[in-house]
Engineer: 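Quick one: this structure, given as structure tokens, is what I'll be asking you about.
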Amino acid sequence: MSLVTLSHVCSHLQNASKARLGLTSVPSTNMILTLSLALQSSGFLQSVTRGGLVPPRLATLSTYEPEPVTQENISTRRLWLGMKYWNNEPVLREMKMVSKPTKRIWMDVEGLGRLVRGRESGFVRGLVRPGECIFVSTDRGILEARECVERKVGGMLLCRVC
């Protein structure tokens, strides 16, 4: 799992929302796909679509069929993410890494419970703003911190989104 690529994606999504882009692309990896789907289910992204270098048409985005993956085109695969806006303001305002490539932060269920309740746990500030989420990489995939507390699993903190 490359946290360097994930930090590039975090800054790219934050810049895309500030620039008011409707559709943006990021590299297609399994970790970024899982995080993008978690962001979509949490309500920060409108759509997640696999594709190539050319963006899918917005009119046919829900029924878009990507070309099959082959050895020739695997390096050009992209994830096309539809940004979400509410009252002309971006839903995804800020996206920051919690774990860095040089310092990974692991947390158990008790520490995640403190974060969810708004308290500090270790060096990590709690969730205090409305709609704020922390995404955690667990053995069950990438989950939101509240879901980790419900399922009683810990893991590595990836990023904070609000």
Engineer: State the CH2-OG distance between Trp106 and Ser137, to the nearest 0.5 angstrom.
Structural biologist: 6.5 Å
Engineer: Atom OG1 of Thr49 and atom CH2 of Trp80: how far apart are they, to the nearest 0.5 Å?
Structural biologist: 10.5 Å
Engineer: Run the side-chain hydrogen bond (donor to acceptor under 3.5 Å, both in side chains) test against Lys96 and tell me which residues pass, sequence neighbours left out.
Structural biologist: Glu94
Engineer: By side-chain hydrogen bond (donor to acceptor under 3.5 Å, both in side chains), which residues pair with Glu144, not counting sequence neighbours?
Structural biologist: Arg146
Engineer: Hey, mind stepping through Ser99 and Leu3 against side-chain contact (heavy atoms from CB on, under 4.5 Å) and telling me if it holds?
Structural biologist: CA-CA 8 Å; Ser99 290; Leu3 291 181; 4.1 Å; yes
Engineer: Are there more than 12 heavy atoms of other residues, nucleotides or ligands under 6.0 Å from atom CZ of Arg119?
Structural biologist: no
Engineer: Hydrophobic clusters join Ile, Leu, Val, Met, Phe, Trp and Tyr when side-chain heavy atoms are under 4.5 Å apart, directly or via other members; which others share one with Leu127?
Structural biologist: Val98, Ile105, Met107, Leu112, Leu115, Val116, Val124, Ile134, Val136, Val149, Leu157
Engineer: Donor-acceptor pairs under 3.5 angstrom involving side-chain atoms of residues 24-32: please list them, not counting sequence neighbours.
Structural biologist:
unit_1, atom_1, unit_2, atom_2, d
Thr24, OG1, His12, NE2, 2.5
Ser25, OG, Arg78, NE, 3.4
Ser25, OG, Arg78, NH2, 3.2
Thr29, OG1, Ile32, N, 3.2

Engineer: Which atoms form the tightest heavy-atom contact between Ser17 and Gln14, and what is the distance?
Structural biologist: OG-O, 2.9 Å
Engineer: With sequence neighbours left out, write down each residue that passes side-chain hydrogen bond (donor to acceptor under 3.5 Å, both in side chains) with Glu132, or none if nothing qualifies.
Structural biologist: Arg160
Engineer: I need the Ile142 CD1 to Leu37 CG distance, nearest 0.5 Å.
Structural biologist: 9.5 Å
Engineer: Can you list everything that forms a salt bridge (Lys or Arg N to Asp or Glu O under 4.0 Å) with Arg151? Sequence neighbours excluded, please.
Structural biologist: Glu147
Engineer: Compare all side-chain heavy atoms of Met156 with those of Phe135 and state whether any distance is below 4.5 angstrom.
Structural biologist: no
Engineer: Just how far is it from atom OG of Ser47 to atom CG of Leu23, taken to the nearest 0.5 Å?
Structural biologist: 6.5 Å
Engineer: How many angstroms lie between atom CG of Leu13 and atom CZ of Phe44, to the nearest 0.5 angstrom?
Structural biologist: 11.5 Å
Engineer: Can you pull the salt bridge (Lys or Arg N to Asp or Glu O under 4.0 Å) pairs that have at least one residue in residues 21-36, sequence neighbours excluded?
Structural biologist: none
Engineer: Any chance you could measure Met97, atom CE, to Cys159, atom SG, to the nearest 0.5 Å?
Structural biologist: 6.5 Å
Engineer: Share the residues that join Leu143 in a hydrophobic cluster, the rule being Ile, Leu, Val, Met, Phe, Trp or Tyr side chains under 4.5 Å apart at the heavy-atom level.
Structural biologist: Val153
Engineer: Compile the donor-acceptor pairs under 3.5 Å between side chains in residues 81-93 and protein atoms, sequence neighbours left out, one pair per line.
Structural biologist:
unit_1, atom_1, unit_2, atom_2, d
Tyr85, OH, Leu21, N, 3.1
Tyr85, OH, Leu21, O, 2.6

Engineer: In chain order, what residues pass the side-chain hydrogen bond (donor to acceptor under 3.5 Å, both in side chains) check against Arg125, with sequence neighbours excluded?
Structural biologist: none
Engineer: Taking only residues at least two apart or on different chains, which pairs with a member in residues 37-49 satisfy salt bridge (Lys or Arg N to Asp or Glu O under 4.0 Å)?
Structural biologist: none
Engineer: Enumerate the salt bridge (Lys or Arg N to Asp or Glu O under 4.0 Å) contacts for residues 23-33, please, sequence neighbours excluded, ordered by first and then second residue.
Structural biologist: none
